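A quick write-up on the structure given underneath.
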Amino acid sequence: MTSLRLSDGRVLEYLVAGPADGTPLVFHHGTPCAAVLFDPMIEAATRHGLRTVVYSRPGYGESSPQPGRTIASAAADVSALLAELGAERFVTAGWSGGGPHALACAALLAGRCAAAATIAGVAPYGAEGLDWLDGMGAENVEEFGAVAAGVEQLTAYLSPQAEIYAQVQAEQVAAALGDLIAEADRRALNGSFAEYGATMFRKALSVDIDGWRDDDLAFIGDWGFDLDDVKTPVSIWQGDQDRMVPFAHGRWLAGNVSGATVHLQPGEGHLSLMVERFGDIVADLAAKLG
């Protein structure tokens, strides 16, 4: 793990893998997760000459908290990380809670971001024409009820959940996720992918709940940029069996991100989409990079 000291004094932890001269593929992890490398993802990126870059958002793992951050805040951190790597152009992908952060990079780093992908990415809270909670598993409905009730109630909800995830093992992930996973996800959650998920959870919550709490607050707040500002080529990937970020979020983004390439995948869930389609997602990004 490598750490970058930012201009405001915060520390940002990150990992890099793949060809040293490759264009960076900056990956935004989900919620609650952290910077962990996964060999199949690295291999998919390397096949297209891309260098995999993963970082922990503020408050996760060893990355310093950034109270009051917005979704847009990710763009400045990514810009600093690219400067550290000596890279100008990049492509980016965000999974789940990472989806909005990838869109922030597409909007705010448009001159440098050649292409972006959201993978089961969250849509804006309160978006017109979207019932944001409809189709989510019971745990997410309860969690975002706590988010809407305020920081104290959110903290009270997340703290005992974090104790579970901070110790979870690969064979326990499905049970820990409970009503949030569909059958397609249950089938995908085995072997190295289950270990990858468990490792991300443990690392994310190894210090505190700051990252999880601040992600949740950022989702329901003003994102800090307008989707109309997204001129970078974007691809939207969403499975219709997703119980963490329901299919309606993908459909809404498909209709509200101008010029987006849309991949609505029947039979895929939140996890299976990553397992089954990540190679296609990377190929699409590489093609847009040219």
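No experiment lies behind these values; they were computed from the predicted model shown.
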Should [X] and [Y] be regarded as members of a common hydrophobic cluster, given that ILVMFWY residues are connected when their side-chain heavy atoms come within less than 4.5 Å of each other, either directly or indirectly?
X	Y	result
Phe193	Leu177	yes
Ile220	Val151	yes
Tyr14	Tyr60	no
Phe90	Leu285	no
Met136	Tyr157	yes

Can you confirm whether [X] sits close enough to [Y] that some side-chain heavy atom of one is under 4.5 Å from a side-chain heavy atom of the other?
X	Y	value
Met274	Met41	yes
Leu15	Val53	no
Arg69	Asp215	yes
His29	Arg57	yes
Arg89	Leu289	yes
Arg51	Leu85	yes
Val11	Leu6	no
Asp185	Gln241	no

Rounded distance [0.5 Å steps], [atom1] in [X] versus [atom2] in [Y]:
X	Y	atom1	atom2	value
Thr118	His249	OG1	NE2	12.0 Å
Leu205	Tyr165	CG	OH	9.5 Å
Thr70	Asp214	OG1	CG	11.0 Å
Glu88	Thr23	CD	OG1	11.0 Å
Leu271	Asp242	CG	CG	8.0 Å
Leu12	Leu4	CG	CG	6.0 Å

From the options Phe278, Phe201, Phe38, select the one residue that forms a ring-ring contact (aromatic ring centres under 6.0 Å, His included) with Tyr196. Phe38
Tyr125 and its ring-ring contact (aromatic ring centres under 6.0 Å, His included) partner, picked from Trp252, Trp132, Phe219: Trp132
Would [X] and [Y] count as having a side-chain donor-acceptor pair, cut-off 3.5 Å?
X	Y	value
Tyr55	His28	yes
Ser96	His270	yes
Arg277	Gln265	yes
Glu143	Trp212	yes
Ser56	Glu13	yes
Glu268	Ser272	yes
Ser79	Arg112	yes

Using a 3.5 Å distance criterion without hydrogens, assess whether the side chain of [X] forms a donor-acceptor pair with backbone atoms of [Y].
X	Y	answer
Asn190	Arg187	yes
Asp240	Pro266	no
Arg251	Gly255	no
Thr46	Glu43	no
Gln172	Gln169	yes

Run the side chain to side chain contact (heavy atoms under 4.5 Å, CB included) test on Asp216 and Leu154 for me, step by step, so that the C-alpha distance in whole Å, both residues' side-chain angles and the decisive distance to 0.1 Å come before the verdict. CA-CA 9 Å; Asp216 280 356; Leu154 176 59; 3.8 Å; yes
Which is it for Ser235 and Lys288 under the side chain to side chain contact (heavy atoms under 4.5 Å, CB included) test, yes or no, and what are the steps along the way? CA-CA 10 Å; Ser235 56; Lys288 288 181 169 67; 4.2 Å; yes
Apply the side-chain contact (heavy atoms from CB on, under 4.5 Å) test between Cys113 and each candidate in Thr232, Val26, Leu108, Val234; give the one that qualifies. Thr232
What pair of heavy atoms forms the shortest contact from [X] to [Y], and how long is it?
X	Y	value
Val78	Cys105	CG2-SG, 3.8 Å
Ala138	Asp179	N-OD2, 2.8 Å
Ala75	Leu109	O-CD1, 3.5 Å
Leu227	Asn256	CB-O, 4.1 Å
Ile119	Ala93	CD1-CB, 4.2 Å
Ala194	Val173	O-CG2, 4.1 Å

Mind running side chain to side chain contact (heavy atoms under 4.5 Å, CB included) on Ile209 and Ser159 for me, showing each step along the way? CA-CA 7 Å; Ile209 65 166; Ser159 294; 3.9 Å; yes
Residues [X], [Y]: salt bridge by 4.0 Å N-O rule:
X	Y	result
Glu195	Arg202	yes
Asp77	Arg10	yes
Asp210	Arg213	yes

Just do the side chain to side chain contact (heavy atoms under 4.5 Å, CB included) check on Val54 and Val36 with the steps written out, would you? CA-CA 7 Å; Val54 297; Val36 175; over 6 Å; no
